[in-house]
Amino acid sequence: MLNITLPDGNKLNFEKKVTGFEIAEKISKSLSKSALLISIDGKLKDLNTVIDKDCSVKIFTSKDKEGLETIRHDTAHILAMAVQELFPGTQVTIGPVIEDGFYYDFARKEPFTDEDLNKIENKMREIVERDEQTTREVWPRKKAIDHFKKIGEIYKAEIIKNIPEEEEVSIYFHGKWHDLCRGPHLTSTGKIGKYFKLTKVSGAYWRGDSKNEMLQRVYGTSWSTQKELDDYLEKIEEAEKRDHRKLGKLMNLFHFREESPGAVFWHEKGWALFQKLISYMRYKQEDAGYKEINTPEILDRSLWEKSGHWEKFGANMYTSETPDKKIFAIKPMNCPGCVQVFNQGLKSYRDLPFKMSEFGKVHRYEPSGALHGLLRVRAFTQDDAHIFCTEDQITEECLSVTNLILEIYKDLGFEDVILKYSDRPDLRVGEDGVWDKSEAALLKAIKASKLEYSVNKGEGAFYGPKIEFVLRDAIGRDWQCGTLQVDLNLPGRLGASYVDKDGSKKIPVMLHRALFGSLERFIGILIENYAGKLPFWISPLQTMVIPISEDFNEYAVLIQKKIKNSGITCSVDLKNHNLNYKIREHSNAKVPILLICGKKEVDSNAVTIRKLDSNKQENMSIDEFIKKYSALNKAPSI
RNA sequence: GCCCUGAUAGUUUCUAAUGGUUAAAACAGGCCCUUGGUAAGGGUCAGUUCCCAGUUCGAUUCUGGGUCAGGGCACCA
């Protein structure tokens, strides 16, 4: 007699043994049709696993996360199967499930073309149609290695060698085709349904290491219904529409060019946005007790050698040679310069915490393939700051930095923020006792912030642990922005000190922090988050006056002057076009407020307001408009 | 840096075309006429086919190299 416990606590009895499928059948006919997987005492298994012991089970369908992931995993297998049917001699490697889909890496000399992708997808549909049965076998390790070597699957053999001894080596068969896999899998190829699509091909390194050979990766997506697939494809399209590179061009904010790859040419409007963010930050930082400084962009090589950058960061640094053969480096970070400012004059413990901010433009020679619009550039402006404090002050200072970061993110419309905490790396400086202290202090601050956080073991900076602030945008994408690092190394290396209560000289702790991280990147994120429709207060061009015909140009200019004087940015469109045209043009350029004026408005000394994305009109006097919108012309928290 | 794909007016071009006189269209832009609520209409003006070699009588077109861009990988703010 077999006792099977269901998630709701009910028990089913079977004679001696039973499969997951039979359990589903007993529960209901519809469940037997939609069942994909089973968990036995919490472990996911194939639905046709034979159960011969009392246990508790749960049956999963495509509505469960586990079910959908297995569909994707099976789709990846079928992809590999299709590729090997079409292109014999191609080796399979790994094919995991990823967010929204899956990929499979292949080793093959000839590249896959887009046409091949179509062929492969058709073959996959054929395999689904064939509805081949899935079976699982456990092989002795040696047999598996020998087998895969024999059939020329070198990569698979290598994977098996790396499977821990205590784990089973399981082989899954879909019909005759087979693959090494941990499972679980669906009972047949027909179960994955038809809601999948191959999306792209690209290169990828074997085992993710750039020293290894390059494989060909085929990406795909797979869902349990047509609607889910359509929604996903729509989401991709939406993301493309929001692409800041496209919108940047459309809104005339900036451009890039060959002569300086990865460096932004800011146009008038883009630069206005940039400056608005800076003046907002200045206000917030001043309020939080920071003193703004500025340090040279080019510093002698010797300083970088002292700080350790020359050795640790040299591969990313631009250097320059003067006519008399001196070597200077263009700063990739602001910290060494900032320490020089701290070092001026004698500092007392009473001066701590000493907070200096700097909008420092840094240059880093990034690998060419890393460049991506504003999100990854070679020259960028950090909203950097360095806080010199005592060890006892670390937690409190970290907490105040975290609060400041959350406040400014909130002002800019990002409320969904997660933290990533990275602790000591293998390669590090400083004593373990000090690391214990700084990690504990940083962790204490994170916990006090009550934010969700994940841990990246060993990913800290060589001088100290760090937190990274990741924000989630309007369409669910994550972006890493701010960072906070505890540094117990650089101040000593660069000779920083303060006089303590007892008269002795001590080395201060230095906290590095950036709020947006990079102004350039943050602007890219802002554009994508708002699809270009920036909130009024941060919008680079807030209002546009449009006269209905030339007769009202004079009045339009008058209005523009008044509005500009009130501190709201305002432009006037006197071009030779009709009203329709101008409304459309400026709506496309995402100007939040259009002000229309014609005879009616001139007579009543008023304007007609049209807000972006609304065709409602509102009429008010100029003074009323200025009063109302001046109040909106600042960050929510100010 | 690595793999793949690509580069033609300001933009787009699976809406061009081509080993051969003035390289095309649409939209955008300038000027003029016209002007009433998300691209009215008309007239008119404007372009070194990314760079460097090579093949050729002749290259935007073919070949090689480079640069840059796009999608990934790796790296990362």
Side-chain angles (χ1 to χ4, degrees), chain A residues 98 103 105-114 116-117 199-219 240 243 245-246 249-250 252 255-262 313 315-316 332-334 360 362 364-384 459 466 468-470 479-483 485 512-522 524-525 546-552 575-589 594 596-601 608 610 612-617:
Chain A
I98 51 173
Y103 66 78
D105 286 348
F106 300 97
R108 176 176 181 247
K109 280 216 182 76
E110 300 74 39
F112 291 120
T113 62
D114 286 349
D116 292 339
L117 222 57
T199 49
K200 57 195 165 202
V201 218
S202 73
Y205 297 107
W206 166 237
R207 290 189 184 282
D209 189 332
S210 59
K211 287 189 206 76
N212 291 341
E213 58 273 52
M214 182 66 72
L215 306 171
Q216 292 187 64
R217 176 169 297 178
V218 177
Y219 283 92
E240 271 168 30
D243 192 314
R245 293 166 299 184
K246 210 178 224 175
K249 198 181 268 177
L250 204 70
N252 191 15
H255 82 275
F256 289 93
R257 55 195 308 113
E258 286 193 11
E259 291 86 345
S260 188
F313 210 74
N316 284 307
M333 295 189 195
N334 301 302
V362 296
R364 297 183 186 173
Y365 193 71
E366 300 289 348
S368 58
L371 304 180
H372 183 94
L374 294 176
L375 302 181
R376 193 73 187 276
V377 290
R378 285 182 175 154
F380 59 99
T381 309
Q382 292 184 309
D383 52 347
D384 213 350
E459 303 257 307
K466 67 175 176 184
E468 279 160 351
F469 294 81
V470 178
W479 305 96
Q480 193 194 306
C481 294
T483 175
Q485 301 161 3
H512 305 236
R513 58 107 272 218
L515 308 177
F516 291 146
S518 139
L519 268 297
E520 285 78 359
R521 169 183 282 184
F522 196 80
I525 295 168
I546 305 176
I548 281 168
S549 78
E550 263 174 20
D551 296 345
F552 313 106
K575 271 186 288 196
N576 188 14
H577 284 296
N578 68 14
L579 184 56
N580 268 348
Y581 183 90
K582 289 182 183 177
I583 289 176
R584 187 187 148 87
E585 191 187 15
H586 300 302
S587 298
N588 283 344
L594 302 184
I596 317 286
C597 49
K599 185 164 191 312
K600 206 166 63 185
E601 288 80 10
T608 296
R610 239 190 125 95
L612 186 57
D613 277 343
S614 152
N615 46 18
K616 272 192 215 146
Q617 296 164 47

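Residue numbers start from 1 in every chain, and the chains themselves are labelled A, B, ... in the order their sequence lines are given, proteins ahead of strands.
In this structure, Lys200(A) does not reach the G71(B) phosphate: none of its side-chain N or O atoms is under 4.0 Å from OP1 or OP2. Lys249(A) has a side-chain polar atom (N or O) that falls below the 4.0 Å cut-off from OP1 or OP2 of U12(B). A sub-4.0 Å separation between OP1 or OP2 of G29(B) and a side-chain N or O of Tyr581(A) is present. Within the 4.0 Å cut-off from OP1 or OP2 of G1(B), at least one side-chain nitrogen or oxygen of Ser368(A) is found.
No hydrogens or angles were tested; on distance alone, nothing pairs the side chain of Arg364(A) with the base of C76(B) as donor and acceptor under 3.5 Å. Contact of Arg217(A) with C73(B) (side chain to base): no donor-acceptor pair of N or O atoms is detected under 3.5 Å. For Tyr205(A) against G72(B), a side-chain-to-base donor-acceptor contact under 3.5 Å is absent. A donor N or O paired with an acceptor N or O is not found under 3.5 Å between the base of A74(B) and the side-chain atoms of Glu366(A).
In this structure, of G72(B), G37(B), C68(B), it is G37(B) that holds the atom nearest to the side chain of Leu579(A). Nearest nucleotide to the side chain of Glu258(A), out of G71(B), C68(B), U38(B): C68(B). Of the candidates A39(B), G1(B), G71(B), A39(B) carries the atom nearest the Arg584(A) side chain, counting heavy atoms from C-beta on. Residue Ser202(A) places its side chain closer to G71(B) than to any other of G71(B), U35(B), A74(B). In this structure, of U38(B), G29(B), A77(B), it is G29(B) that holds the atom nearest to the side chain of Glu585(A). Here U38(B) is the nucleotide among A39(B), C75(B), U38(B) with the atom lying nearest to any side-chain atom of Ser587(A).
Contact record, Leu612(A) with Ser587(A): CD1-O, 3.5 Å, taken as the closest heavy-atom pair.
Using a 4.0 Å heavy-atom cutoff across all strands shown, Ser210(A) reaches sugar-phosphate atoms only and no base atom. Using a 4.0 Å heavy-atom cutoff across all strands shown, Glu550(A) reaches at least one base atom of the nucleic acid. Among the atoms of the strands shown, none is found under 4.0 Å from any heavy atom of Glu520(A). Heavy atoms of Arg245(A) sit under 4.0 angstrom from primed sugar atoms or phosphate atoms, though from no base atom. Within the nucleic acid shown, Gly208(A) comes within 4.0 Å of sugar-phosphate atoms alone, with no base atom in reach, counting heavy atoms only. Residue Pro111(A) is classed as a sugar-phosphate contact, given heavy-atom separations below 4.0 Å to backbone atoms only. At a threshold of 4.0 angstrom between heavy atoms, the contacts of Ala370(A) include nucleobase atoms, whether or not backbone atoms are also involved. Residue Lys599(A) is classed as a base contact, given a heavy-atom separation below 4.0 Å to a base. Among the protein residues, His372(A) comes within range of the sugar-phosphate backbone only, with heavy atoms under 4.0 Å from sugar or phosphate atoms but none that close to a base. Residue Val377(A) is classed as a base contact, given a heavy-atom separation below 4.0 Å to a base. Within 4.0 Å of Thr113(A), counting heavy atoms only, lies no atom of the nucleic acid at all. At a threshold of 4.0 angstrom between heavy atoms, the contacts of Lys575(A) are confined to the sugar-phosphate backbone, with no base atom among them.
Of the charged side-chain nitrogens involved, none lies within less than 4.0 Å of a carboxylate oxygen, so that Arg207(A) and Asp209(A) do not count as a salt-bridged pair.
Here the CG atom belonging to Asn334(A) is positioned 5.5 Å from the CD atom belonging to Gln382(A), to the nearest 0.5 angstrom.
The stacking criteria are not both satisfied for Tyr219(A) over the base of G72(B), which would need a centre-to-centre distance under 5.5 angstrom and an angle between ring planes under 30 degrees.
Heavy atoms of other residues, nucleotides or ligands lying less than 6.0 angstrom from OH of Tyr365(A) number 12 at most.
The residue among Asp209(A) and Leu374(A) whose nearest nucleotide of RNA chain B lies closer to the 5′ end is Asp209(A).
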